[in-house]
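Everything below concerns the one structure shown next.
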Amino acid sequence: QVQLVESGGGLVQAGGSLRVSCAASGRTFSSGGMAWFRQAPGKEREFVSGISKFGSTLLADSVKGRFTISRDNAKNTVSLQMNSLKPDDTAVYYCAARSTYTGVILTTPHGYDYWGQGTRVTVSS
């Protein structure tokens with residue numbers, strides 16, 4: 001019912017910027033929340049940022065002040081602008097979507113029903 005496709009990953013030097021985007025299809029997009037997670041080698045998938053149906057946002061402490069999430073329901077897109085990138089930001093970044101409404105932005109993978117394949121972000125020193 002819902003498919004998510006990430007894009008925009010790549011190699012960037014520390015201190016640089018990168019924007020990853022998620023293209024979604026399906027009616028669920030505007031009904032639930034969206035989020036970005038990331039997973040580095042040997043680590044668990046962790047919450048990066050989330051955005052609600054109406055545009056309220058939440059960022060993990062590790063990226064607060066550097067990353068910005070945005071959503072365009074009409075265009076079915078969610079983007080994550082990443083500035084001042086650090087080597088420890090290196091990970092595969094995943095877009096996630098929730099099929100049902102919730103008033104709070106969920107920060108665990110269990111809260112999301114749909115996932116993209118991920119886009120790899122590598123930050124060099």
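Quantities reported herein were computed from a predicted structural model and do not represent experimental measurements.
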* Passes side chain to side chain donor-acceptor pair (under 3.5 Å), N83 versus S17? Steps please. -> CA-CA 4 Å; N83 299 323; S17 298; 2.8 Å; yes

* **Trace of the side chain to side chain contact (heavy atoms under 4.5 Å, CB included) decision for C95 with W115** => CA-CA 6 Å; C95 178; W115 294 85; over 6 Å; no

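Between T68 atom OG1 and L59 atom CG the span is 6.5 Å, to the nearest 0.5 Å. A distance of 9.0 Å separates CG in L106 from CZ in F47, rounded to the nearest 0.5 Å. To the nearest 0.5 Å, the span separating CE on M82 from CZ on R38 amounts to 9.0 Å. Rounded to the nearest 0.5 angstrom, L4 CG and N76 CG are separated by 10.0 Å. Residue Q81 holds its CD atom at 8.0 Å from CG of L18, rounded to the nearest 0.5 Å.
Residues F37 and V5 fall into different hydrophobic clusters, defined by Ile, Leu, Val, Met, Phe, Trp and Tyr side chains chained together at heavy-atom separations under 4.5 Å. Residues M34 and V2 share a single hydrophobic cluster, defined by chaining ILVMFWY side chains whose heavy atoms lie under 4.5 Å apart. Tracing side-chain contacts under 4.5 Å through hydrophobic residues (I, L, V, M, F, W, Y), one never reaches V92 starting from L85; they form parts of separate clusters.
Within the 4.5 Å cutoff, the side chain of S62 has no heavy atoms near those of the K86 side chain.
A distance-only check finds no donor-acceptor pair linking the side chain of D113 to the backbone of R98 [under 3.5 Å].
Qualifying side-chain hydrogen bond (donor to acceptor under 3.5 Å, both in side chains) partners for Q39, counting only residues two or more places apart in sequence or in other chains: R45. Judged as a side-chain hydrogen bond (donor to acceptor under 3.5 Å, both in side chains), and not counting sequence neighbours, the contacts of S21 are S79. Scored by the side-chain contact (heavy atoms from CB on, under 4.5 Å) test, S56 finds S52, I105 as partners (sequence neighbours excluded). For I69, the side-chain contact (heavy atoms from CB on, under 4.5 Å) partners at least two apart in sequence or on another chain are W36, S49, I51, T57, V78, L80. The side-chain contact (heavy atoms from CB on, under 4.5 Å) test applied to S84 returns R66, not counting sequence neighbours.
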Let me check something: any side-chain donor-acceptor pairs from residues 117-125 under 3.5 Å, sequence neighbours excluded? List them with distances.
residue: T119; atom: OG1; partner: G9; partner atom: N; Å: 3.0

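Ring planes of F67 and Y93: tilted class, angle from 30 to 60°.
Minimum interatomic distance between Y94 and G116 (heavy atoms only, all atoms of both residues): CD2-O, 3.6 Å.
The pair D61-K64 counts as a salt bridge, with a side-chain nitrogen and a carboxylate oxygen less than 4.0 angstrom apart.
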